[in-house]
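Some notes on the structure that comes next.
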Amino acid sequence: MSAKPSKAPEVAPQDMNAVRAAKERKLHELLAAGVDPYPHVFKRSSRLAPLAEKYAHLKDGEVTTDEVAVAGRIMALRNNGMFIDLRDPNGKIQLFSHKDNTPESEMKKLETVDIGDIVGAKGIIRRTPRGELTVNVKEFTMLSKSLLPLPEKYHGLTDIEQRYRQRYLDLIMNEESRNVLRTRSKIVTGIRKHMDALGALEVETPILHPILGGASAKPFVTHHNTLDTNFYLRVAPELFLKRLVIGGIADSVYEIGRTFRNEGISPKHNPEFTMIEGYHAYMDYNDMMDHVENLVQAVVKEVHGGLKVPYGDYEIDFSGPWPRKGMLELVTEATKIDFLHFDTADKARKAADDLGISTPPEVNWGQIVEAVFAEQVEPTLIQPIHVTDYPMDISPLAKTHRSNPRLVERFETFVNTWEIANAFSELNDPKEQRRRFDLQVAAREAGDEEAQMLDEDYVAALEYGLPPTGGWGMGIDRFCMLLTNSSNIRDVICFPTLKPKK
RNA sequence: GACCGCUUAGCUCAGCCGGUAGAGCAACUGACUUUUAAUCAGUAGGUCCCGGGUUCGAAUCCCGGAGCGGUCACCA
C-alpha cells in the first residue's frame, strides 16, 4: 500500500471517541512507517512465568547478560512508557526503555504503543533495584495494535452484564475470572482422567433427538431443512448411552457434553449446561455411590489439594464415607410423618397440606413425597450425602427397588443443598420399562409437559438385553461452582446465555 | 413468570429539596525521569438506557418499555 502519513483516520469521527481516535492515528503512523501492525509470528525465547522462576534468584539491582525475547499484552505504562507492564496468560514482566540502553529507533516506537497492545520485546534481563524482573529493551515489535481502550486499570471491569457479554474483556482485566474458568477446565480434565483410569470408554451421542428422553424437562426444538423434520436438543444423553452398553461397545461408557433445557434462567440454571453421564455394566446403584464418591473426592483433591472446600458461609468436607440415607427416612426425620404409610396420593396430599405444602390434584404419591423432601429436607443437606431409594413415580428409568415395589434403586448426591449427582440401578426389564413409559405418556396427555415420551426403539433395544447396569450423571457446572466458590453459574461458563441486546 | 433494585464520559463512580454535567483512570499537549494505581500542569471527551408525561425548567418527579442483578416460583 502507498504509505503516506495520514493525520485523519479513515473512520468517521462521530463513530469514535477520542481514545479510539488516538489509537487509529497511531495505527496510521505505523502503516505510514511501513510497519505491519499485525505481523504473522513472533518467536519467544520463553513465556513469562518460566522466566520469573528461572530468575527468582536475581537480587535487587542485579543485571545479567542473558538475552530474552518476550511477548504479551501491555497492561500499564509508567513514566511515559519507560516502564511497561507486560502480561501473558501465566506471568508478567516489566519492560524498561531508556535512551541510555535502548536504540533511538526503538525509543521512537514507544510513541505508537498503547496500553492494551500486544507487543514483543528483546533485550537483556535484570532485576531493578526495587525488585521488579525487567527486560532492558533493545528491540520492540508491535504484534497486534489495539483500537479500543481497556477498562480502568485499578477497578477493572465490574459491570456484571458487560463481564458476561464481553467475556474477553473480563478475562483481560480480572485474574479471578481467568482462574475460575481455568479451574473448570482442570475439573473436566480431572473427571476424564478418573474415568479413563477406570477403563471407561468416552463416547459421543446425538444432541439432535427425534424423541425426547432420559430426563423430565422442557426441550428446545429445532428444525432440519432437508429432512424437513423437527428435532429436540437433548435433555439428557441417557437412552443413547444405554444403547451403547446394550451393543457391548464397552462395559463402561461415559459422555461429557452439552445438554439443553428450555426452562428458567437463574443463578443456578443456564439453558445449556454440561453433564457427565456414565454407565457401568454388572453394577448397581450401591456401586455407583462408591463410584461417585471416589470420583468427586479425586477431583476435589486434585483441584484443591485437600478435601475441605470453602463455599459461601460453609466449609464443605468431602472426606468419606458420606452418609447414605433413604429419602423417605429423611422425610420422616424432618416431618415425623412416614409417607410410606399412605397408600394413595390423596392421603399423602392431605399430610403435605398439613405441613403447608400444597400440591395440585393431578400429582401422584411420589411427586408429593418429592415436594415435601424438597421443602423440608433439601435445605438442610450441606455436607455430602447420598439420598437413596426414590419413589418409582418420579423415576421412570430406574430399576424397581429389590425390597420395596413403590421405590426404585436410585440415589441423588447432595452437597450444599444442591443435587450434584443422580444415579440408579438401570431399569433393564423391557416390559416394566414399557409400563413406565405408558405411565409417562398418560401424564403427558394429562398436561405434564415434562413427562417423558415413549421411545419404541429404546424399548426394542432393551428387548435384546441390557446387562444389569449402574448409571450416574452429574452437572459439571454446579460442581464447578462448588469448587470455585462461585455463587452464579454464569461465573463458571465462558459465555453464558444472555438475552441479545437491542 | 412475580416482586424489589440498578442503568450518568471508553472504564470506576459522584451528582443533595427539580435550576440545565462532575471526579479518578484511560486519551491528548507539555514537564519530569528507576517507576509499581508513578508524579505535576493543562486540554478534550456526554442520546444522563429508550419513549411519553408533569413543570417556566427533569439525570433528578410520574407512567410505559428494555437490559441486567437480587429474591421467590420451576428445574440440574
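Residue numbers start from 1 in every chain, and the chains themselves are labelled A, B, ... in the order their sequence lines are given, proteins ahead of strands.
- If you check every strand for non-hydrogen atoms under 4.0 Å, A:E132 touches a base.
- Relative to the side chain of A:I115, the nucleotides B:A27, B:C68, B:C11 differ in distance, and B:A27 lies closest.
- Rounding to the nearest 0.5 Å places CG of A:L51 at 13.0 Å from NZ of A:K92.
- Distances were taken from every side-chain heavy atom of A:S266 (C-beta onward) to each of B:A73, B:A38, B:A76; the shortest belongs to B:A73.
- Nucleotides B:C50 and B:A38 place their P atoms 34 Å apart, quoted to the nearest Å.
- Distance CG (A:D117) to P (B:A27): 10 Å, rounded to an integer number of Å.
- Set against B:U33, B:U12, B:A26, the side chain of A:P149 has B:A26 as its closest nucleotide.
- Using a 4.0 Å cut-off, no side-chain N or O of A:Q162 falls inside it from OP1 or OP2 of B:C68.
- Taking atom P in both B:C17 and B:U12, the straight-line distance is 26 Å, to the nearest Å.
- Using a 4.0 Å heavy-atom criterion, one finds that A:A22 contacts the sugar-phosphate atoms exclusively.
- Computed from coordinates, the A:E263 CD to B:G1 C1' distance equals 13 Å when rounded to whole Å.
- Relative ring orientation between A:F411 and A:H386 is described as perpendicular, the plane-to-plane angle rising above 60° on a 0-90° scale split at 30° and 60°.
- Under a cut-off of 6.0 angstrom, the local environment of OH in A:Y314 is sparse, with at most 12 non-hydrogen atoms contributed by other residues, nucleotides or ligands.
- Ring geometry, A:F96 versus A:F83: the interplanar angle falls from 30° to 60°, so the pair is classed tilted.
- Nearest to the side chain of A:L77, among B:U33, B:A73, B:A27, sits B:A27.
- Nucleotides B:C63 and B:G24 have their C1' atoms positioned 36 Å apart, rounded to a whole Å.
- Taking every side-chain heavy atom of A:P267 into account, B:U71 is the closest of B:U71, B:A38, B:U34.
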Working for side chain to side chain donor-acceptor pair (under 3.5 Å), residues A:E152 and A:Y154: CA-CA 6 Å; A:E152 201 254 353; A:Y154 190 62; over 6 Å; no
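- For the pair A:L148 CG and B:G10 P, the interatomic distance rounds to 11 Å; values are reported in whole Å.
- The side chain of A:V19 has B:A26 as its nearest neighbour among B:A26, B:A73, B:C68.
- Look at CG on A:D491: it is 12 Å from C1' on B:G69, rounded to the nearest Å.
- Nucleotides B:A9 and B:G46 place their P atoms 11 Å apart, quoted to the nearest Å.
- A:D159 comes within 4.0 angstrom of sugar-phosphate atoms only, judged by non-hydrogen atoms across all strands, and of no base.
- Residue A:K26 is in sugar-phosphate contact alone, with no base atom involved, counting any heavy-atom pair closer than 4.0 Å across all strands shown.
- Salt-bridge check for A:E238 with A:K242: passed, with a basic side-chain N closer than 4.0 Å to an acidic carboxylate O.
- Classification of the A:Y311-A:W418 ring pair by plane angle, with boundaries at 30° and 60°, yields perpendicular.
- B:G45 and B:U8 have their C1' atoms separated by 14 Å, with the value rounded to a whole Å.
- Here B:G70 presents its C1' atom at 15 Å from CD of A:E161, a figure rounded to the nearest Å.
- Closest-nucleotide positions on RNA chain B for A:K218 and A:H155 were compared, and the one nearer the 5' end corresponds to A:H155.
- OP1 and OP2 of B:A76 both lie 4.0 Å or more from every side-chain N or O belonging to A:K268.
- Atom CD of A:E152 and atom P of B:G10 are 14 Å apart (whole Å).
- Distances shown here put a side-chain N or O of A:N488 below 4.0 Å from the OP1 or OP2 atom of B:G70.
- Within the nucleic acid shown, A:R126 comes within 4.0 Å of at least one base atom, counting heavy atoms only.
- Within 4.0 Å of A:T158, counting heavy atoms only, lie sugar-phosphate atoms of the nucleic acid but no base atom.
- The side chain of A:R165 contributes an N or O atom lying less than 4.0 Å from OP1 or OP2 of B:C68.
- Checked against B:G69, B:A76, B:U36, the side chain of A:Q94 finds its nearest nucleotide in B:U36.
- Nucleic acid contact class of A:D60 (heavy atoms, under 4.0 Å, all strands): none.
- B:C25 atom P lies 15 Å from atom CE of A:M173, rounded to whole Å.
- Within the nucleic acid shown, A:G156 comes within 4.0 Å of sugar-phosphate atoms alone, with no base atom in reach, counting heavy atoms only.
- For A:R25, whose side chain is taken as the heavy atoms from C-beta onward, the closest listed nucleotide among B:U33, B:U29, B:A26 is B:U29.
- Distance from the side chain of A:F273 is smallest for B:A76 among the nucleotides B:A76, B:C68, B:A26.
- The glycosidic torsion of B:C17 lies within 90° of 0, which places this base in the syn conformation.
- For the pair A:K153 and B:A26, the criterion of a side-chain N or O lying under 4.0 Å from OP1 or OP2 is met.
- Nucleotides of RNA chain B nearest to A:E111 and A:R78 differ in position, and the one nearer the 5' end is that of A:E111.
- Among B:C28, B:A38, B:G69, the nucleotide with an atom closest to any side-chain atom of A:D114 is B:C28.
- Note: A:H291 and A:H280 have tilted aromatic rings, judged against thresholds of 30 and 60 degrees for the angle between ring planes.
- Computed from coordinates, the A:L110 CG to B:U33 C1' distance equals 13 Å when rounded to whole Å.
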